[in-house]
Amino acid sequence: MRILVIGNGAREDALSWRLAQSPSCSAIFATPGNAGTALRGQNWTFPGTYGKSIIERARYEKIDLVVIGPETAIAAGIGDQLREAGFSVFGPDRSAGRLESSKVYAKRFMERHGIPTARAHVVHSRDHARKTLAEWGIGGVVVKADGLAAGKGVVVCSDATEAIAVCDDWYDHNRVPGGGNDVLLEERLVGREVSVFALCDGRAIAPIAAACDYKRAGDGDTGPNTGGMGAYSPASGFPENMNDIVRERILSPVLRGLLAEGEQYLGVLYCGLMWTQAGPMVIEFNVRFGDPETQVLMPRVHGDFAALLKSVADGAMDLSLATIGGDACVGVVLATGDYPRTNTPLQGLGAELKLEPGTAAFWGGSQLDNGKISSGGGRVLTVTALGPSIAQARERAYAAVRALPAQLGTNELTFRSDIAANVATPTGSDEHA
Ligand SMILES: Nc1ncnc2c1ncn2[C@@H]1O[C@H](COP(=O)(O)OP(=O)(O)O)[C@@H](O)[C@H]1O
Ligand SMILES: [Mg+2]
């Protein structure tokens, strides 16, 4: 099988790494790809939203499977375009992609189909927001811009006054993140967050694994919000039958809803959950794999992952093609010191990293030139390690991180030192894929 991965982050590097090792994969391509995918296969130059160029080249290269990484490509309708052109595509159409690209659509969908989620109101203006908050008399409230905002569209507030200040700022200066006017005011939930990944082939939906990630820049969950500074899998501290609960309360009604509304969903559904005293509530859906969660999921996969994704893309999911192994995986993100304020590019980084068996390193946005790597900065690299327990995976991951500056030739990268610290290893929480 000749496979194309769309995207250029560490998520796509991890996907292409696992796909390339699949028995059914004969050639791997990425567009636009990064330094990691360039070391493994061929990069095309088109951004992930250039449907026409991608289709033309994919025909020429006789691509058998396209795996879409980023939500921006899905929201741009790249899945629709490629499928119309006859390709097998892992990733939903734009319409089902609204589960991520519109938080208002997702909230209404959950309300229509009885999927547990925080109560919410949709507002369209500054005065509407003020009036709604005054009448609602709610305590903690989360203010969410409707559209895709690259992680910058959500503000968690401790009371209505704070929420009013956020809405005033967005509406008065005409800067609702992601554009548009719709803002969701949502009840603030209390619990523990977990990301559950489920595969859906339009007829069936099944959880394959769960992970926990770390969003704040600094140790102890301090500092600004980021795209994610690390993750571990399996998730720890949740009921042993969490997969059954998620399947029954969330995944089954999602599938019923999709079918009832005529949405065809082929790909992965990432359920961002808050596990509350009353069980799991959906914080958000993403319609693609997560970053950095994918970097800790891919090392745990055994079998023919490419064939599994192809079966999903073809509407005939065969979960026996690949499984999630019993080992735990911990991933630590190395970022430039100024992240997330700005991203300072780095040049001349070493490309040949010597890594112990069971460890891997996945590049963020970067390029390979003459054996050296230039990075766009920000989240430069995710280092992962497997282990029989989370603690042992963590030890190995940090040992690999400590050995990297010498090999990369830079001391400018920072990382959190508490990823997966003090996390117990759960027993039997991940479903076989
Ligand atoms: N209803 C809620 N209650 C408590 N925390 C929330 C709620 N909604 C969102 N959050 C917090 O805000 C973060 C970002 O929200 P999310 O809906 O995932 O938006 P996005 O990932 O698009 O920025 C979540 O990971 C969670 O920590
Ligand atoms: Mg989120």
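Not measured: the values here are computed from a predicted model. Only heavy atoms go into these numbers, but all of them, side chains included; no hydrogens, no water, no symmetry mates. Atoms within a ligand are numbered from 1 in the order they appear, just like the ligands themselves.
- Under a 3.5 Å cut-off, the side chain of Arg379 and the backbone N or O of Gly227 do form a donor-acceptor pair.
- Considering backbone and side-chain N/O atoms, Val156 never comes within less than 3.5 Å of an N/O atom of ligand 1.
- In this structure, the side chain of Ser311 engages the main chain of Asp318 through a donor-acceptor pair within 3.5 Å.
- At under 3.5 Å, not a single nitrogen or oxygen of Lys152, backbone or side chain, sits near a nitrogen or oxygen of ligand 1.
- Heavy-atom neighbours of Tyr214 OH from other residues, nucleotides or ligands within 6.0 Å: above the threshold of 12.
- Between the side chain of Thr382 and the main chain of Val333, no donor-acceptor pair closer than 3.5 Å is present.
- By the 30° and 60° cut-offs, the orientation of the rings of Phe90 relative to Phe289 is parallel.
- Close approach to Lys144 involves these atoms of ligand 1, each under 4.0 Å from a residue heavy atom: 8 (N), 9 (C), 17 (O).
- Restricting Glu284 to its N, O or S atoms, the one at the least distance from the Mg ion (ligand 2) is OE2.
- Taking atom 22 (O) of ligand 1 as the reference point, the nearest protein heavy-atom neighbour is Lys103 NZ, 2.9 Å.
- Atom numbering of ligand 1 starts at 1 in the shown order; those under 4.0 Å from a heavy atom of Met274 are 4 (C), 5 (N).
- The side chain of Val142, and not its backbone, has at least one atom closer than 4.0 Å to an atom of ligand 1 (non-hydrogen atoms only; side chain from C-beta on).
- Of all atoms in ligand 1, listed by their number and element, those nearer than 4.0 Å to a heavy atom of Glu193 are 24 (C), 25 (O), 26 (C), 27 (O).
- Between Tyr270 and Glu284, the side chains place no donor N or O within less than 3.5 Å of an acceptor N or O (distance only, hydrogens not considered).
- Within the 4.0 Å heavy-atom shell around ligand 1 one finds Gly151.
- Heavy atoms of Glu187 found under 4.0 angstrom from ligand 1 belong exclusively to the backbone.
- Checking side-chain atoms of Asp219 against main-chain N and O of Ser417 turns up a donor-acceptor pair under 3.5 Å.
- Checked by atom type and distance alone, the side chain of Asn34 pairs as donor or acceptor with a backbone atom of Thr37 at under 3.5 Å.
- Using a 4.0 Å cut-off between heavy atoms, Ile283 contacts ligand 1 through both its backbone and its side chain.
- In terms of N/O distances under 3.5 Å, ligand 1 is not approached by Arg188.
- With hydrogens left out, the protein atom closest to atom 1 (N) of ligand 1 is Glu186 OE2, 2.8 Å, a heavy atom.
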Open item on the list: Determine whether Val254 and Phe285 satisfy the following criterion, side-chain contact (heavy atoms from CB on, under 4.5 Å), listing intermediate values before the conclusion.
Closed with: CA-CA 11 Å; Val254 164; Phe285 290 121; 3.7 Å; yes
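- For atom 3 (N) of ligand 1, the nearest non-hydrogen atom from the set Val154, Leu273, Leu189 belongs to Leu189.
- Ring geometry for Trp44 against Phe46 counts as perpendicular: the plane angle is over 60°, on a 0 to 90° scale with 30° as the lower cut.
- For atom 21 (O) of ligand 1, the nearest non-hydrogen atom of the protein is Glu284 OE2, 3.1 Å.
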